[in-house]
Protein chains: 2
Amino acid sequence: MELSERKLRILHSIIDNYINTAMPVGSKAIAAELNMVFSSATIRNDMNDLEQMGFLEQPHTSAGRVPSDRAYRLYVDNMLGEGELSPDEIAFMDRYFKRRIGQTEQVMQNAVNVISSITKYTAMVMPPQYSDVMIRNVQLVSVGIGKALVILVTDVGHWSDNVISVPDDADSEYLFRLSNMLTRIFGGQTLGHFSDMAVDAVRKEMSGQREAFNAILDTIRKHTSPRGRDDIVLSGLSNMLEYPEYRDINKARGFLQTIETKDVLYEMLSHNDNMEISVVIGSENPIDAMRDCSVVTASYRVNGVEQGKIGVIGPTRMNYAKVIKVLDYLGKSLNEIMKDKDDG
Amino acid sequence: MELSERKLRILHSIIDNYINTAMPVGSKAIAAELNMVFSSATIRNDMNDLEQMGFLEQPHTSAGRVPSDRAYRLYVDNMLGEGELSPDEIAFMDRYFKRRIGQTEQVMQNAVNVISSITKYTAMVMPPQYSDVMIRNVQLVSVGIGKALVILVTDVGHWSDNVISVPDDADSEYLFRLSNMLTRIFGGQTLGHFSDMAVDAVRKEMSGQREAFNAILDTIRKHTSPRGRDDIVLSGLSNMLEYPEYRDINKARGFLQTIETKDVLYEMLSHNDNMEISVVIGSENPIDAMRDCSVVTASYRVNGVEQGKIGVIGPTRMNYAKVIKVLDYLGKSLNEIMKDKDDG
DNA sequence: GTTTAGCACTCGAGGGGTAAGAGTGCTAAA
DNA sequence: TTTAGCACTCTTACCCCTCGAGTGCTAAAC
């Protein structure tokens, strides 16, 4: 059996209908939508064929048809129009990033907020990982007796979130020299793969201060360690309860639980397939708990190098076209915004 | 009409029952619970009285009785036992904070997680605010040409999250001198109320660098500005869907929405009543959206000075005794943990 | 061969009726 | 003041029925 032009049109029509209404679609409705060019009986025959082919499902005998995951797959791969986001929507998204924002966290939070509020689904963001970033400068600053703050300046910003112990008599002059030494040795290396030679060189210079030495290495390594599930930022959890798919409170709870725990999200977001945009529809998802919703994720880059992910979770009958466009646009916006950011 | 000893026992019993089962409690059940010392008819008479007094409510004629908010108030104020948390529970909470943790955020996240998982309600944390904290040190560190990072060292830790513009020819020597000047002037002042004199002194020294000067002031002020709703950390959202109170999906959605938006939470958490522990029961809440749940909040202090809040949101029939004990214990734990923390 | 009209059939949603059960309030007696 | 007894109320669950939407099949029309 083959997919004739008409069958495709019918399928497309059913999917559109179902995405909008969440109600099984009957032959009459489709006939009307195709301007009665064909009778409902004809449509019925085609629908029967489409069901045989696995594109449609029937909740029960006397109900209309519902698209299968396979149908959505076909839809996403071949039927998505080239339509654009409306100027209003673009403006809405841009407005979110207008105000000057310093913190990566804040940017991430804004990103999920805008995604969830514009798509009406649940949005998630995995912040960027920085293993390919080049170290420019390492600074130690005294923050009290016997304590110094490590500041790491890189291509894409800086971090300073580790306080290390130093000898109690370490004055700012001493720290200044130590900083210069560290900068000389680590400068130009990347966070992810600084050479053993560098490590050895520093170890030699800092012999007698093993603890401080290790703490400094930890600081550097920290930002290359895989991001954990706690790093994922979410928004729009309650959106899902709007959809009849989750009218059943137990289903809703199950969904919320898996989302809130973030383990599953982490698994999905850290799976790096190097795809610009990835769409995983219902049963395609290797993770059981996600089998009755769809997940669209997009990678974003900062300065073309390191990357994080943004994503949307929604019912399988989600508005794929819109979600994909939104993620695409926002991925690019993120690149712009993060490009020259300085971070704390 | 007065609250006889027996009436109090009956009320107590009804509340306990209802907290556990969420089902209206009948006279027979109470009679059985009091070992049939009184007949169900007697209990019935008392229950009628209690209803007259506003402590009980009847969903409908032939149902049992349900405690009113007023009853919970009486219960919380006068009937909470002196029981302790079980060793298991204590161990569970302690375990959460065993691992060495650097970031305030991480501590906050752990705190909400432990609260929500041990109480089975929704937990929230408002991170500490630092307006009474003393400035010890102000440092500028170069992070690139024309850019410097402001590091603020205080009594309770340090921050470094603002990059300011400095003259392109500002070398580390120059920044070092500037740092010393800033430290000399701001050192000893508190974040919240550094004197105009200090500001004027710095302005004079930095005349010609108005931009950098303002940026530095902003950095200092930033940590005293009221924390926003985005700072609130949540956990256990899905817990609420476990309770029959939220069996109705619309109610569940409404709840989730208000919680997720955080505006309402912010309002509640930033209301500073200087109470160690505050319990707001159902209709007592000035905020409409929270009228059918109860909110318990506790203040925590760090080094006895600045403070944040932790809280639990649950159905009005929540297990107040346990929630209060958990918050009390965790407030103290937080104090311990934050005490000597160094922060990024 | 394809399309269509016609029709019988299926199944779920929704409405009404009823029986069961839980709990009450009242009365009168202890 | 307490209690036994009883009539009354109201909800819940269940069943039955009807209605309507939608189907699949058949036979006729194109």
Side-chain angles (χ1 to χ4, degrees), chain A residues 1-11 13-15 17-18 20-68 244-245 247-249, chain B residues 1-11 13-15 17-18 20-68 244-245 247-249:
Chain A
M1 206 162 347
E2 65 182 317
L3 270 171
S4 66
E5 176 66 20
R6 192 179 62 207
K7 285 199 179 80
L8 279 175
R9 276 179 66 192
I10 291 172
L11 185 56
S13 199
I14 291 175
I15 294 175
N17 254 277
Y18 190 69
N20 287 326
T21 65
M23 305 268 283
V25 186
S27 52
K28 258 190 212 144
I30 299 301
E33 199 162 302
L34 302 184
N35 295 317
M36 304 303 263
V37 179
F38 305 97
S39 77
S40 68
T42 310
I43 312 279
R44 256 196 313 280
N45 285 331
D46 283 350
M47 283 167 85
N48 205 330
D49 291 351
L50 285 166
E51 186 172 351
Q52 301 298 317
M53 289 187 267
F55 291 113
L56 293 178
E57 284 161 8
Q58 228 175 348
H60 55 84
T61 334
S62 72
R65 301 289 206 304
V66 161
S68 68
E245 277 84 348
R247 201 178 302 154
D248 174 23
I249 195 77
Chain B
M1 206 160 352
E2 64 182 319
L3 270 171
S4 68
E5 177 65 20
R6 191 180 62 207
K7 285 200 179 81
L8 280 174
R9 277 179 66 193
I10 292 173
L11 186 56
S13 199
I14 291 175
I15 294 175
N17 255 276
Y18 190 68
N20 287 326
T21 65
M23 304 269 282
V25 186
S27 52
K28 258 190 213 143
I30 300 300
E33 200 161 302
L34 302 183
N35 294 316
M36 304 304 264
V37 179
F38 305 98
S39 77
S40 68
T42 309
I43 312 278
R44 254 197 313 280
N45 286 330
D46 282 349
M47 282 166 84
N48 205 330
D49 292 351
L50 286 166
E51 184 172 352
Q52 300 299 318
M53 289 186 267
F55 291 112
L56 293 178
E57 283 161 8
Q58 229 176 348
H60 56 83
T61 334
S62 74
R65 301 284 206 310
V66 161
S68 67
E245 277 84 349
R247 201 180 302 154
D248 174 24
I249 195 78

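Just so you know, these numbers use all the heavy atoms, side chains as well, and skip hydrogens, waters and symmetry mates. Residue numbers begin at 1 in each chain, while the letters A, B, ... track the order of the sequences.
Residue pairs meeting the side chain to side chain donor-acceptor pair (under 3.5 Å) criterion with at least one partner in residues 53-65 of chain B, sequence neighbours excluded, are B:Glu51-B:Arg65.
When DNA chain D is scanned in the 5' to 3' direction for atoms under 4.0 Å from non-hydrogen atoms of chain B, the outermost contacting nucleotides are D:dT2 to D:dT11.
Where DNA chain C pairs in unbroken runs of 3 or more (Watson-Crick or G-U, both distances under 3.5 Å), the stems are C:1-30 with D:1-30.
For B:Arg247, there are no salt bridge (Lys or Arg N to Asp or Glu O under 4.0 Å) partners, not counting sequence neighbours. Applying the side-chain contact (heavy atoms from CB on, under 4.5 Å) rule to A:Leu8 yields the partners A:Leu3, A:Leu74, A:Met79; only residues at least two apart in sequence or on another chain are considered. By the side-chain contact (heavy atoms from CB on, under 4.5 Å) test, B:Ser40 pairs with B:Ser27, B:Lys28, B:Ala31, B:Arg44, sequence neighbours left out. Under the side-chain contact (heavy atoms from CB on, under 4.5 Å) criterion, B:Asn45 pairs with no residue, sequence neighbours left out. Partners of A:Asn48 under the side-chain hydrogen bond (donor to acceptor under 3.5 Å, both in side chains) rule, at least two apart in sequence or in another chain, are A:Gln52. Residues passing the side-chain contact (heavy atoms from CB on, under 4.5 Å) test with B:Thr21 are B:Met23, sequence neighbours excluded. In terms of the side-chain hydrogen bond (donor to acceptor under 3.5 Å, both in side chains) criterion, A:Ser68 has no residue partners (sequence neighbours excluded).
Residues from residues 20-29 of chain B lying near DNA chain D, meaning a heavy-atom separation below 4.0 Å, are absent. Residues of residues 56-67 of chain B having a heavy atom closer than 4.0 Å to DNA chain D, listed by number: B:His60, B:Thr61, B:Ser62.
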